[in-house]
Amino acid sequence: MPVFYGKEITSPLMLGTAQYPSPAILAEAFRASHAGIATVSLRREGGEGAAFHQLIRELNVAVLPNTAGCHGVKEAVTTAHMAREFFDTPWIKLEVIGDHDTLQPDVVALIEAARILCSEGFEVFPYCTEDLSICERLLDAGCKVLMPWGAPIGSGRGLNNIYGLKTLRAHYPDVPLVVDAGIGLPSHAAQAMELGYDAVLLNTAVAKAGDPVAMARAMALAIEAGALARAADPIEARDMASPSTPLMGMAVLA
Ligand SMILES: CC(=O)[C@@H](O)[C@H](O)COP(=O)(O)O
């Protein structure tokens, strides 16, 4: 199971808490998913008050507050401070959005915000790209987890840059890596685990599915299958055929 900042998590599935049809369905989806972490936006929390906070507490999972929707260093850092106070945790999923259309991270601002927050004792989970030099700077800033995107938030496109994600895994065999955002199908989540990622963070694919509870379960099963497959040392894909039945000896026809 993944270990983030010294804390072992009960499942490699990290689930968002936005956009569910109802609080009851959110709770049921969490139960079906056995997710180990719930990520929660302070802004949403601010709007919906104590009932939502109570619901999250009852999920009995680790809470990862996020700075979703923040667009600059100052806004993200201020939101992180408020989240630390409100949720009483040093963890923060750091999102600094750089573009309205793709919601891709502003990696320059992200590094600066990460450096500030790490120096203040936060344990930062940065939502980043799979770019190696950006990831190196985030580690240098003090991050001990990296969360590269699979695809733009809410797009459901899966893993847009498998080569990049694979390279990142190979480059940092000992850094906990999470694919965050863009997952649409269980097969995408399985693929992230097959690449050797430690966990997957997703929200829209479950919350906006026709049956969020069934989709939550499907994601959990896919993530388990992907992790099992990775541990089973899969064969390498090849360009040419290779007979799976031995061709030695003669057939004996009685
Ligand atoms: C909830 C949260 O943190 C999102 O910002 C996250 O990135 C998930 O993205 P998807 O909704 O695409 O799964």
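Quantities reported herein were computed from a predicted structural model and do not represent experimental measurements.
Each of Leu177, Val175, Leu146 was compared with Cys135 under the side-chain contact (heavy atoms from CB on, under 4.5 Å) criterion, and only Leu146 meets it.
Nearest heavy-atom pair, Val178 versus Leu201, reported as atom, atom and distance to 0.1 Å: CG1-N, 3.8 Å. Smallest separation of non-hydrogen atoms from Thr10 and Met1: O-SD, 3.4 Å.
Taken together through direct or relayed side-chain contacts under 4.5 Å among Ile, Leu, Val, Met, Phe, Trp and Tyr, Val145 and Val40 form part of one hydrophobic cluster.
Every side chain to side chain contact (heavy atoms under 4.5 Å, CB included) that Ile116 has, sequence neighbours left out, goes to Val73, Val77, Glu120.
Side-chain atoms of Asn203 come within 3.5 Å of backbone atoms of Ala18 as a donor-acceptor pair (strictly under, hydrogens ignored). Remark: side-chain polar atoms of Tyr127 are not paired, donor with acceptor, to backbone N or O of Pro148 under 3.5 angstrom. Arg31 places no side-chain N or O within donor-acceptor distance of the main-chain N or O of His34, the cut-off being under 3.5 Å. With hydrogens and angles disregarded, no donor-acceptor distance shorter than 3.5 Å links the side chain of Thr67 to the backbone of Cys70. Within the 3.5 Å criterion, the main-chain N or O of Asn66 finds no donor-acceptor partner in the side chain of Ser41. With hydrogens and angles disregarded, no donor-acceptor distance shorter than 3.5 Å links the side chain of His171 to the backbone of Thr167. Thr78 contributes a side-chain N or O that, together with a main-chain N or O of Lys74, makes up a donor-acceptor pair within less than 3.5 Å.
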Under 3.5 Å, which donor-acceptor pairs do the side chains of residues 213-238 form with other protein atoms, sequence neighbours left out?
from   : atom 1 : to     : atom 2 : distance (Å)
Arg230 : NH1    : Glu194 : O      : 3.3
Arg230 : NH1    : Leu195 : O      : 3.2
Arg238 : NE     : Met240 : O      : 3.2

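Side chain to side chain, Tyr163 and Glu130 fail the donor-acceptor criterion of an N or O pair below 3.5 Å. When only modelled atom types and interatomic distance are considered, Asp131 and Ser133 share a side-chain donor-acceptor pair under 3.5 Å.
Using cut-offs of 30° and 60° on the angle between ring planes, the pair Phe4 and Phe125 is perpendicular. Note: Phe87 and His53 have perpendicular aromatic rings, judged against thresholds of 30 and 60 degrees for the angle between ring planes.
With contacts defined as side-chain heavy-atom distances shorter than 4.5 Å, the pair Glu8/Pro2 does not qualify.
No more than 12 heavy atoms of other residues, nucleotides or ligands sit less than 6.0 Å from atom CZ of Arg157.
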